[in-house]
Each structure stands twice: as C-alpha cells, then as structure tokens.
Amino acid sequence: MSYHKELAAAKKAASLAARLCQNVQKALLQSDVQSKTDKTPVTVADYGSQALVSFVLQQELRAEFSLVAEEDSKDLRKDGAQEIVERITKLVNYSLTSDGSYNVTLSTEDVLKAIDSGRSEGGSQGQHWVLDPIDGTKGFLRGDQYAIALALLDGGKVVLGVLACPNLPLTSLKDAGQHSPNNEVGCLFFAEVGGGTYMQPLDGSSAVKVQVSAVENPEEASFFESYEAAHSMHDLTSLIAQKLGVKAPPVRIDSQAKYGALSRGDGAIYLRFPHKGYREKIWDHAAGCIVVTGMDQFHSIIGFLSKC
Ligand SMILES: Nc1ncnc2c1ncn2[C@@H]1O[C@H](COP(=O)(O)O)[C@@H](O)[C@H]1OP(=O)(O)O
Ligand SMILES: [Mg+2]
Ligand SMILES: [Mg+2]
Ligand SMILES: [Mg+2]
C-alpha cells in the first residue's frame, strides 16, 4: 500500500507548523509560556503547531481521521486564557495564509476544536496520526533544537514519518557542530515504509536520500543523548559509552532532532534512558523511529547493534 497522499499532506503540515514555531521563537514573550499540570512548559507555539497540523491534515485528506497528539485545550478554556487563545489564533491564521497556502480565517473556537481533534486514543486497528507539535519544548525555549514530529500508524505499525527540525544545520554536525554562525539551518526529514529516508531544506528545495553511519567500530563512533540530564541519565550513558569503547564526547541535543541527525550519519549511536517513573509517549518516538529505520536502512542498524 502506498501512502504518497498522506506523506504530501504530512510534509505540508509540518513545514507550515515549523514556520509558525520559527516566528514565535524569534519574538518569544514571557506570556507565551505556561506551565502544565505536570510542570512541563507549553507555549503558544505548541498549541498553534497542533491546531495547524490538525487543520492541514483535515483539509488535505478530506476524510475522517484519528489524531493522537500531546496537547489539549483544557487550560486554554479556563478563565483568563482568552488573550492567549487569541494570540494562538492569530499565529495560526497568519501561518496558514501568509504564503498563500490557504485562504481562511479560523475563529478562536475553530482553533480550540482543531487542538482537541488530537484526543484520539489510537490503537492497533486502522489508521492513526501521531503528533508532537513541539518535541523538545525546553530546547525551543533555549533557542536550541526542537522538532515537529508527525507519523502515521496503520494497523499498529508506523508507516510514514515527518520530522521538521527548524534549528538543525543542513550540513552534518560532524563538520561544524550545532552552533556555528555559518550554519544554514532548517531540515525536513521524511520516510515512508519501504522507501528509505530523505532530507530536504525546510525552504522547500529538493530532497536527498540519507543513510545512517557506516561506522562499525565503536571507537570511531559518536553518540547522541538528551541535552537535559533530567530527561536521560547522563551517568549511565557515559558508563555504556565507556564500556563500548566510544572515545568521542557525547553530542547533546534536544528532541527527535537526534533521530534526524542519526538518520543522515552525523553520529552512530542513540542513547536515551529516562529516569525511573517517567512514562514514554508514542509521539516522542513514532516519527523519529521510521526516519532512522526507513526500512532499507534497517538492516545496517541491526548489523551495527549486533556487533556492539
Ligand atoms: N522528565 C522527563 N523525562 C524524560 N523526558 C521528558 C521529561 N519531561 C519532558 N520530556 C520529554 O522528553 C522529550 C525531549 O527529550 P530530550 O531531552 O531527549 O530531547 C520531549 O518529548 C519532552 O517532552 P516535550 O515534547 O513536551 O518537549
Ligand atoms: Mg510537552
Ligand atoms: Mg515530546
Ligand atoms: Mg511536545
């Protein structure tokens, strides 16, 4: 089965959401950041990105669809949230219309409903979209890496994935690192089951096929891990790397941008071990997983792991 139409819709949705996030990151206001009940941060860009992706998928696919996504409108419907909802609505409308993609004006209620269409429970039957509207909100707030991560499940398997990484350099992190002022940034990774993985600049120029690292000797390999020690045990990863014989220092980056960088061979190993009690969510890995395993790359990864 081919998922070309779904992939085109997902790329359009993630690219427009990336533009929304870039606009917010340029001028982040204190009032744009809220704290959720689990004490993690959420911004107008997380909500805006979710509303926008949900709207674009609905427009492009014109069918009933199920979306499992991180955010919901509960806090936005509380007293005192009207101003922030209006700001989100303005951002969504601007991002949908400024380059002529759509000719619409959504109301605040349309935006809240679009956010809430992400409340599906998912499951192993039928098709479900899976969205993290901003993966790595802490990286986003720091001006570092973050990703818009969108995947499609069919019969419980990930069949396509798109990762928009607005701050990831187009060239390998091996060459200039994350923060060189000469870096041109903004990558869109995408993969469809059986079709390999591609990367293109977020500005829309042409895509290239990417491959995971061919390095087989851990001494020559470098590894990615979370930037935040609160998200992954740096002590443990350091111990594992030492046992494997890895010589290079860890490359610490936020979000599923790690999977993007891994899929094009910027490094060879991914190590992420959340602290005890943390419950993983499918939107934190679905898109990244298919981008890295992109089917024809799968065997080389398995080959590498079996040698470790
Ligand atoms: N305490 C935590 N432990 C592990 N992961 C977390 C924790 N809090 C948030 N996250 C999620 O970890 C991911 C980022 O991981 P990393 O640090 O490897 O980049 C994000 O999905 C982030 O959620 P969010 O999508 O809200 O940013
Ligand atoms: Mg979050
Ligand atoms: Mg996340
Ligand atoms: Mg998120």
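Both ligands and their constituent atoms are indexed starting at 1 by order of listing.
Counting protein heavy atoms only, atom 20 (C) of ligand 1 is closest to Asp135 OD1, 3.1 Å. The protein heavy atom nearest to atom 10 (N) of ligand 1 is Tyr278 OH, 3.3 Å. Here the heavy atom of the protein found nearest to atom 25 (O) of ligand 1 is Asp132 OD2, 3.0 Å. The protein atom (non-hydrogen) at minimum distance from atom 17 (O) of ligand 1 is His231 ND1, 2.6 Å. When hydrogens are left out, the protein atom nearest atom 26 (O) of ligand 1 is Glu70 OE2, 3.1 Å; that is the closest non-hydrogen contact.
Neighbouring protein atoms of the Mg ion (ligand 4) (N, O or S, distance under 2.8 Å, waters ignored): Glu70 OE1, Asp132 OD1, Ile134 O.
Remark: Ser222 pairs with no residue by the side-chain hydrogen bond (donor to acceptor under 3.5 Å, both in side chains) rule, at least two apart or across chains.
Atoms of ligand 1 lying under 4.0 Å from any heavy atom of Ile134, numbered from 1 in the order shown and given with element: 25 (O). With ligand atoms numbered from 1 in the order given, ligand 1 contributes 20 (C), 21 (O), 25 (O) to contacts under 4.0 Å with heavy atoms of Asp284. Here is the list of ligand 1 atoms found below 4.0 Å of a heavy atom in Ser226: 16 (P), 17 (O), 18 (O). Taking every heavy atom of Ser255 and a limit of under 4.0 angstrom, the matching atoms of ligand 1 come to 16 (P), 19 (O). Ligand-side atoms of ligand 1 in range of Gly136: 20 (C), 24 (P), 25 (O), 27 (O), range being under 4.0 angstrom from any heavy atom. Counting the atoms of ligand 1 from 1 in the order shown, those under 4.0 Å from a heavy atom of Arg272 are 4 (C), 5 (N), 12 (O), 13 (C), 14 (C), 15 (O), 16 (P), 18 (O).
Of the charged side-chain nitrogens involved, none lies within less than 4.0 Å of a carboxylate oxygen, so that Asp144 and Lys138 do not count as a salt-bridged pair.
In this structure, Lys12 NZ and Leu7 CG are separated by 13.5 Å, a value rounded to the nearest 0.5 Å. In this structure, the separation between CG on Leu188 and OG on Ser205 is 10.5 Å, given to the nearest 0.5 Å. Atom CG of Asp116 is separated from atom CD of Glu71 by 11.0 Å, given to the nearest 0.5 angstrom.
The cationic group of Arg19 does not satisfy the cation-pi geometry with Tyr94, failing either the under 6.0 Å distance to the six-membered ring centre or the 45° limit from the ring axis.
For a threshold of 3.5 Å applied to N or O pairs, the pair formed by Tyr227 and ligand 1 contains no separation below that value.
Screening Pro250, Ser232, Ser226 against Thr237 for a side-chain contact (heavy atoms from CB on, under 4.5 Å) leaves a single residue, Ser232.
Residues Tyr270 and Phe224 keep their aromatic ring centres 6.0 Å or farther apart.
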